[in-house]
Amino acid sequence: MSNSERFQLHPFDLVLFGGTGDLAMRKLLPAMYYRHNEAQLPDDWRILAVARSEMSSAEFIAAMEEAARRYIQDDEFHEDTWATFIQHVEYFPIDITDQSKYEGLSKALGDWPERVRVFYLSTAPGLFTRICQGVADAGLVTENSRVALEKPLGRDYDSAVAINDQLAEVFNESQIYRIDHYLGKETVQNLMALRFGNSLFEPLWRREHISDVQITIAEQLGVESRAGYYDHTGALRDMVQNHLLQLLVILAMEPPVSIHPDAVRDEKIKVLRSLQPITGRDVLTNTVRGQYREGIVNGQPVKAYLESEGVAERSKNETYVAIKAEINSWRWQGVPFFLRTGKSLAERRTEIVINFRGIPHSIFDTPAAPNRLIIRLQPEEIIKLQIFAKGRGDEMRLSPVNLDLDFDEAFDKRQMIAYERLLMDMIRGNQTLFNHRDEVTAAWQWIDPIIAAWENYEVEPAPYSAGSWGPAAASALVAKESCGWAEEYF
Ligand code: BG6
């Protein structure tokens, strides 16, 4: 695919199942508005929002506007752009289990095989196969159709395989867009730019020079109103199986031969398949589960997970997980990748820390600590390279200083939200930032034994106070092979 093809958009219909849902209102519709506002859409396009509630297009648009005013940045919301945006939006009430109800949608889509058609399933995963079957039986799937699915894709290897098999009955793999919204974040794409757009890091990016890697996705949010989903999902399935493993894979993969989707996905899959399985008693030493108790987050009192609405009494669900992962490869053998994520933590911070090995021999009196590369993805996008320099003054004393890059200062453009990029790529037909079925199943193959061993050894989540950095056991996990978690030395 040439660069111009990669960026070109043809006329399209975006059929948004779950059109009245939270994700659609908070992220997907605002993302389309931003693209329209920046004149990035072709002249001819439509959003056909689909949901169960009976209402007219006008009523849907009113609800969408209310959400848009909340979720679109004030300085980006323009009345005249909004007025033209809504001309492209229609609403269709459909009970997706009633096949006769697809008729209205079918008429609206018309017989237009060359037009790009994206079926975006922003619904409960239990509905995915029913909707795919519904659109197929209604004759709506054309050669230019695509289907986009939100995570979670299954809750273990077997269920993920079953969903993928059912999808394959209706769509080719090249038509299926499995979303991990982390891959849509510009900051995550910048990881690839950093690694494969610079000659500086690649020679150092290996076991000979790197002692350990830490990847943190810390959230201040608690379970909020999502207990129904979260209490039988947990942090391992909700965050590690997808977002954290995707970050690990981008950091660890071999340079792909091109940015072509197959080339990138092949390298990613290899990393997932090289992960050392954590089985049996190894879960006791290589993983930490946690669950938050009451505490203070961002100055506000937060009640314990167990006291949250919708959480089962005495729930054993984890809201925090830390794992020591290892990759069996020439490049990474012996380098621990410490992964952690949790809810109701001290800060919102997504950050990668690469700790380099120390110098072999010091000629200075002050001990030189190892160099460190810090890549912060959220809330700010910052890259820091920590080096050592002689401080001002008479003495030859080394002090750490940072070579800092702040992307907000470097680029004056608005940072796109992840879904803008993902939606545009689906419409263009570029799968680079979407997961292949083998990636999803390989990730489950690594996750399943951890869950099985937790059950087997009855590993209960360790308590931690909301507003802290997680259970004490997580510090012990890194203590032997790293100089502590990042917050301990910044
Ligand atoms: C989602 C998880 O996939 O990612 C949520 O289901 C989590 O539990 C969210 O809060 C975090 O995403 P972001 O973009 O806010 O880091």
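We count ligands from 1, going down the list as the structure has it; atoms in each ligand are counted the same way.
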Report the part of Y230 (side chain from C-beta onward, or backbone N, CA, C, O) that has a heavy atom under 4.0 Å from ligand 1; answer both or neither where that applies. neither
Is a side-chain donor-acceptor pair under 3.5 Å present for Q220 with N298? yes
Hey, can you tell me if F85 and W45 have their rings parallel, tilted or perpendicular (30° and 60° cut-offs)? tilted
May I ask you to identify the nearest protein heavy atom to atom 16 (O) of ligand 1, giving residue, atom name and distance to one decimal place in Å? Y182 OH, 2.5 Å
Top protein contact for atom 12 (O) of ligand 1, by heavy-atom distance: H181 NE2, 3.2 Å
Can you see whether K185 engages Q415 through a side-chain donor-acceptor pair at a distance of less than 3.5 angstrom? no
Among all the protein's non-hydrogen atoms, which is closest to atom 15 (O) of ligand 1, and how far away is it? R348 NH2, 4.0 Å
Under 4.0 Å to a heavy atom of M239 - the qualifying atoms of ligand 1, by number: 2 (C), 4 (O), 7 (C)
Would you indicate which of Q378, R237, H243, E150 comes nearest to atom 1 (C) of ligand 1 when only heavy atoms are counted? H243
Can you confirm if the NZ or CZ of R414 lies within 45° of the ring axis of Y34 and under 6.0 Å from the centre of its six-membered ring? yes
Starting from atom 6 (O) of ligand 1, locate the nearest protein heavy atom and write down its residue, its atom name and how far away it is, to 0.1 Å. D238 OD1, 2.6 Å
Determine, using ring centers only, whether W332 and F337 are less than 6.0 Å apart. yes
Closest non-hydrogen atom pair, Q189 against G184: NE2-O, 3.2 Å
Would you kindly say whether S315 and D231 are connected by a side-chain donor-acceptor distance under 3.5 Å? yes
Would you tell me whether S482 and Q214 have side-chain atoms, one donor and one acceptor, within less than 3.5 Å of each other? yes
Need the ligand 1 atom indices (1-based, order shown) with element for anything under 4.0 Å from a heavy-atom of K343. 5 (C), 7 (C), 8 (O), 10 (O)
May I ask you to identify the nearest protein heavy atom to atom 14 (O) of ligand 1, giving residue, atom name and distance to one decimal place in Å? K185 NZ, 2.6 Å
For atom 5 (C) of ligand 1, what's the nearest protein heavy-atom neighbour? Residue, atom name and distance, please. R226 NH1, 3.3 Å
Atom 7 (C) of ligand 1 - nearest protein heavy atom and its distance: E219 OE1, 3.4 Å
